[in-house]
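Here's the structure, in structure tokens; my notes come after.
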Amino acid sequence: TPCRAWRGGEAATFRPAPVPLTRQLWPLLFLLPALGVIVALFFWKPSVTYLLSGETLIVKTRASTTTFPRQETRASLTSEPLGARLFGTGMPGYYTGTFATRSGNVQAAATSARPVQALLLEHGGKRYYLTPSDPAALAAWFGQG
């Protein structure tokens with residue numbers, strides 16, 4: 001026993017008292033949010049999808065689906081980049097939400113903040129900024145190339 005070794009001047013090995021369970025959990029509580037961020041960065045592949053279905057363009061992001069009826073949407077082309085993010089997500093390859101541009105605010109569903117050419121759609125009183133692979137062809141589909 002520790003007391004006998006100490007009184008007798010003997011050598012002995014003593015184990016430390018066990019750490020209370022609550023102290024063992026504190027590092028775990030701090031690491032869980034970091035683990036979530038790491039998993040999201042490496043395994044979550046955000047995407048923007050553009051789909052033509054009949055007379056409608058459907059734009060899907062992780063958080064929303066927006067439809068643009070061909071006859072009710074005005075299209076134009078721009079070389080203007082996205083500006084500051086006001087609300088939403090802005091990370092390489094995935095730009096969604098409200099962004100400022102030199103000509104006013106837009107709702108972005110884009111894969112690039114600085115494309116060579118982007119498609120601006122006006123529908124329902126809002127302006128949308130899209131980056132399809134061929135913006136000129138999609139603008140022509142809307143009848144306004």
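All figures in this text were calculated on a predicted structure; none of them were measured in a lab.
Screening T49, L52, T67 for a side-chain contact (heavy atoms from CB on, under 4.5 Å) with I58, the sole residue that qualifies is T67.
Note: W141 CH2 to L119 CG = 10.5 Å, rounded to the nearest 0.5 Å. To the nearest 0.5 angstrom, T66 atom OG1 is 11.0 Å from K60 atom NZ. With rounding to the nearest 0.5 angstrom, the OH atom of Y50 is 10.0 Å from the OG1 atom of T61.
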Tell me, with the steps shown, if V48 and T131 meet side chain to side chain contact (heavy atoms under 4.5 Å, CB included). CA-CA 9 Å; V48 175; T131 56; over 6 Å; no
Applying side chain to side chain contact (heavy atoms under 4.5 Å, CB included) to T56 and F68, what does each step give before you reach the verdict? CA-CA 6 Å; T56 304; F68 298 96; 5.6 Å; no
* Asked: Stepwise, does the side chain to side chain contact (heavy atoms under 4.5 Å, CB included) test hold for L57 with F142?
  -> CA-CA 9 Å; L57 171 68; F142 277 104; 3.9 Å; yes
**Test log, rule side chain to side chain donor-acceptor pair (under 3.5 Å), inputs T98 and Q107** = CA-CA 5 Å; T98 306; Q107 294 300 118; 2.7 Å; yes
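The shortest heavy-atom contact between G83 and F99 is O-CD2, 3.7 Å. Taking every heavy atom of both residues into account, S103 and E80 meet most closely at N-OE2, 3.0 Å. Pairing each heavy atom of S112 with each of P115, the nearest pair is OG-N, 3.4 Å. Taking every heavy atom of both residues into account, P135 and A118 meet most closely at CB-C, 4.1 Å. Scanning both residues, L121 and A75, for their nearest heavy atoms gives CD2-CB, 3.6 Å.
Under the 3.5 Å distance criterion, with hydrogens and angles disregarded, no donor-acceptor pair is assigned to the side chains of Q117 and T78.
Panel note: side chain R127, backbone L120; no donor-acceptor pair is recorded below 3.5 Å. Not one N or O on the side chain of E55 forms a donor-acceptor pair closer than 3.5 Å with the backbone of Q71. In this structure, the side chain of Y94 engages the main chain of R62 through a donor-acceptor pair within 3.5 Å. Judged purely by atom type and a 3.5 angstrom limit, H123 uses its side chain to pair as donor or acceptor with the backbone of E72.
Hydrophobic clustering of Ile, Leu, Val, Met, Phe, Trp and Tyr side chains at less than 4.5 Å, counting indirect connections, keeps L82 apart from L77. In the hydrophobic clustering of ILVMFWY residues, with side-chain heavy atoms under 4.5 Å counting as a link, Y95 and V106 come out together.
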